Amino acid sequence: MGHPAAPLTLLLLLLCPAAPSSPCFTIPPDAPAKLVLTNSSHQCSQLDWGLFQRQTQLHLSQNGIEALSPSSRVEPKLEELDLSHNRLRELPDAFLSRAQGLRRLQLQHNQLRELPDSFFANATALQSLSLEGNPLRAVPATAFQAHLSSLDVSCRCDVVSTILAPCSCSAPDCNVLQCRCLTSHQIFINVTGFHAQECWGNVGLVAGLAAAASGVAVGLVVAAVVCYRRRKAATDISVGWDKQEPTTTYGQPHYISRAAEIGTGDATNTAPDYENVFVSPCTTSARAQGWTPGWQEERDSPQAPVDDNYFLESEDTAGDQPIYANMQHLGEDNLYITPDQ
C-alpha cells in the first residue's frame with residue numbers, strides 16, 4: 001500500500017519556490033567607508049561582492065569565506081582590503097582589474113594555490129602584499145609594482161625562488177623592498193637568508209649525491225674492465241711455469257720454466273729456474289742405432305732411466321732462460337743447448 005502523502009509533498013515542492021539563501025552579511029545602506037566585519041560569519045560559501053561599493057577600507061577576516069562571486073571587482077576607491085584567514089581556493093581573474101587605488105592587500109592564511117599572471121597588473125598603487133600561509137607555488141611578476149615596499153610569503157623554496165631576484169636587487173633603480181617569509185614556527189625571516197640556508201643547501205646535497213653515485217658507477221666500470229683484462233690475460237697463457245706442453249711430432253714434450261708465478265702480485269713468490277732436460281723413449285732410440293749419449297754412459301752418475309722425466313735445478317739467477325735438450329736421435333734438429341755462464 002502506497003503513501004498518499006508523498007505525491008502531495010512533491011507537488012508542494014514544485015509549486016513553492018525555495019527561499020533564497022541568506023547573504024553572508026547584512027550591510028545597512030549607510031554603512032561606513034571603513035567597514036570592519038571581522039569574525040562576523042562562521043561560514044560563507046560564496047560572498048556577494050555587490051554589497052561593497054562605497055568602502056575605502058574593508059576587513060573581512062575570519063569569516064569562513066570559501067569563494068567570491070565571479071563578477072566580484074574591487075572598486076577604485078578601495079584602499080585597504082583584508083580577506084585573510086578564510087577558505088578561499090581561488091579569486092576571479094579580474095578581481096583587481098579596477099583596483100587602481102588599492103594600497104594594502106591581505107590574503108594570508110587561505111588555500112590559494114595559484115594566481116593569474118596578470119592578476120596584479122592594474123593594482124599600480126600597491127604597497128603592501130601578504131600571501132603567507134597559502135600553498136602558492138609562485139608569485140606573479142605583476143605583483144612587483146613600482147611602489148611595492150613589503151611582501152610576505154611562506155618559507156618554501158618554490159615560492160621564494162620566484163621572488164628572490166626582485167627582493168635582492170641592489171641596482172640604483174630598484175625599489176627598496178622588504179621581503180619576508182613565514183616559517184613553520186610562525187616566525188618571519190628574510191627570504192634571501194632562508195634561500196641561502198635552505199634551498200641552496202638542498203641543491204648542493206642533491207648535486208653531491210649525484211656526483212657520489214656517478215663516482216661509484218665509474219669505479220664499478222673500471223673494476224669490471226680490470227677484472228676482465230686479468231682474466232683474459234690468464235686465459236691467453238696456455239702454459240704455466242713448469243707446465244708440460246702438448247707432445248710434438250717427435251713424441252717429445254717441451255717445458256717452460258717461469259721466473260715468477262703467473263697470476264700473483266707477490267714478486268717474492270718466484271718459481272725455481274730449471275735446466276730442463278727431458279729424457280723419454282723416442283720413436284727410434286739412440287741405442288738402437290748404436291749410439292749412446294755421453295750423459296747416459298756408465299761413467300756418468302747418476303744414470304737416467306729412459307722412461308723418467310728429470311728437472312735439474314739450475315744455480316743461475318732468477319730470470320735466466322732454461323736449457324732445452326729435446327733429442328730424438330742423432331741427426332735430428334731438435335737440439336738446444338745453452339752453456340752455463
Side-chain angles (χ1 to χ4, degrees), residues 31-38 47-61 65 67-86 88-154 158-182 188 190-192:
K34 180 180 179 180
L35 185 59
V36 179
L37 295 174
T38 301
L47 178 61
D48 181 11
W49 199 260
L51 302 174
F52 314 108
Q53 299 297 322
R54 301 174 54 244
Q55 280 67 41
T56 58
Q57 296 184 25
L58 183 59
H59 298 269
L60 299 172
S61 177
I65 302 173
L68 304 180
S69 57
S71 61
S72 299
R73 303 287 188 275
V74 171
E75 295 299 324
K77 63 178 66 176
L78 187 63
E79 299 178 357
E80 295 185 15
L81 175 59
D82 184 2
L83 282 169
S84 64
H85 295 275
N86 282 292
L88 293 168
R89 294 183 176 87
E90 60 182 1
L91 294 172
D93 291 355
F95 184 57
L96 300 180
S97 60
R98 299 199 298 256
Q100 292 86 358
L102 188 64
R103 295 184 291 106
R104 184 178 183 183
L105 177 59
Q106 294 175 275
L107 295 173
Q108 68 269 28
H109 297 290
N110 276 281
Q111 301 174 19
L112 298 171
R113 294 185 175 274
E114 187 177 5
L115 292 173
D117 293 339
S118 60
F119 187 72
F120 300 98
N122 294 326
T124 55
L126 190 62
Q127 299 177 9
S128 176
L129 177 59
S130 299
L131 296 172
E132 71 273 15
N134 285 285
L136 282 172
R137 296 187 294 269
V139 176
T142 54
F144 297 94
Q145 297 291 337
H147 301 286
L148 187 67
S149 60
S150 175
L151 173 63
D152 295 333
V153 297
S154 296
D158 54 355
V159 66
V160 167
S161 63
T162 64
I163 67 173
L164 190 63
C167 288
S168 58
C169 180
S170 57
D173 57 342
C174 287
N175 186 30
V176 178
L177 180 59
Q178 180 186 20
C179 299
R180 306 180 305 172
C181 67
L182 183 66
F188 281 101
N190 186 275
V191 294
T192 55

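Just so you know, these numbers use all the heavy atoms, side chains as well, and skip hydrogens, waters and symmetry mates. Since the model is a prediction, treat every value here as computed from it, not as a measurement.
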*Any sub-3.5 Å donor-acceptor pair from R54's side-chain atoms to A31's backbone N or O?*
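Yes: the side chain of R54 pairs with the backbone of A31.
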*Without swapping roles, check the side chain of D152 against the backbone of S130 for a donor-acceptor pair under 3.5 Å.*
no
Over all atoms of both residues, closest heavy-atom pair of [X] and [Y]:
X    : Y    : value
S149 : L177 : C-CD1, 3.4 Å
P92  : S69  : CG-O, 3.7 Å
Q100 : R98  : OE1-O, 2.5 Å

*Taking the six-membered ring for Trp, are F95 and W49 parallel (under 30°), tilted (30 to 60°) or perpendicular (over 60°)?*
perpendicular
Would you be so kind as to tabulate the donor-acceptor pairs closer than 3.5 Å made by side chains of residues 134-143, with sequence neighbours excluded?
unit_1 : atom_1 : unit_2 : atom_2 : d
N134   : OD1    : N110   : N      : 3.1
N134   : OD1    : Q111   : N      : 3.3
N134   : OD1    : L112   : N      : 3.0
N134   : ND2    : L107   : O      : 2.9
N134   : ND2    : L131   : O      : 3.1
T142   : OG1    : D117   : O      : 2.8
T142   : OG1    : F120   : N      : 3.4

*Does a salt bridge link E79 with R104, judged by any charged N lying under 4.0 Å from a carboxylate O?*
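No, this pair does not count.
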Rounded at 0.5 Å granularity, tell me how far [atom1] in [X] sits from [atom2] in [Y].
X    : Y    : atom1 : atom2 : value
R103 : H147 : CZ    : NE2   : 11.5 Å
R73  : S71  : CZ    : OG    : 6.5 Å
E75  : L58  : CD    : CG    : 11.5 Å

_Residue from L68, V36, L35, L83 passing side-chain contact (heavy atoms from CB on, under 4.5 Å) with L60_ = L83
*Hey, are S61 and T38 close enough side-chain-wise for a donor-acceptor pair under 3.5 Å?*
no
*Answer yes or no: does atom CD of E90 have more than 12 heavy-atom neighbours from other residues, nucleotides or ligands under 6.0 Å?*
no
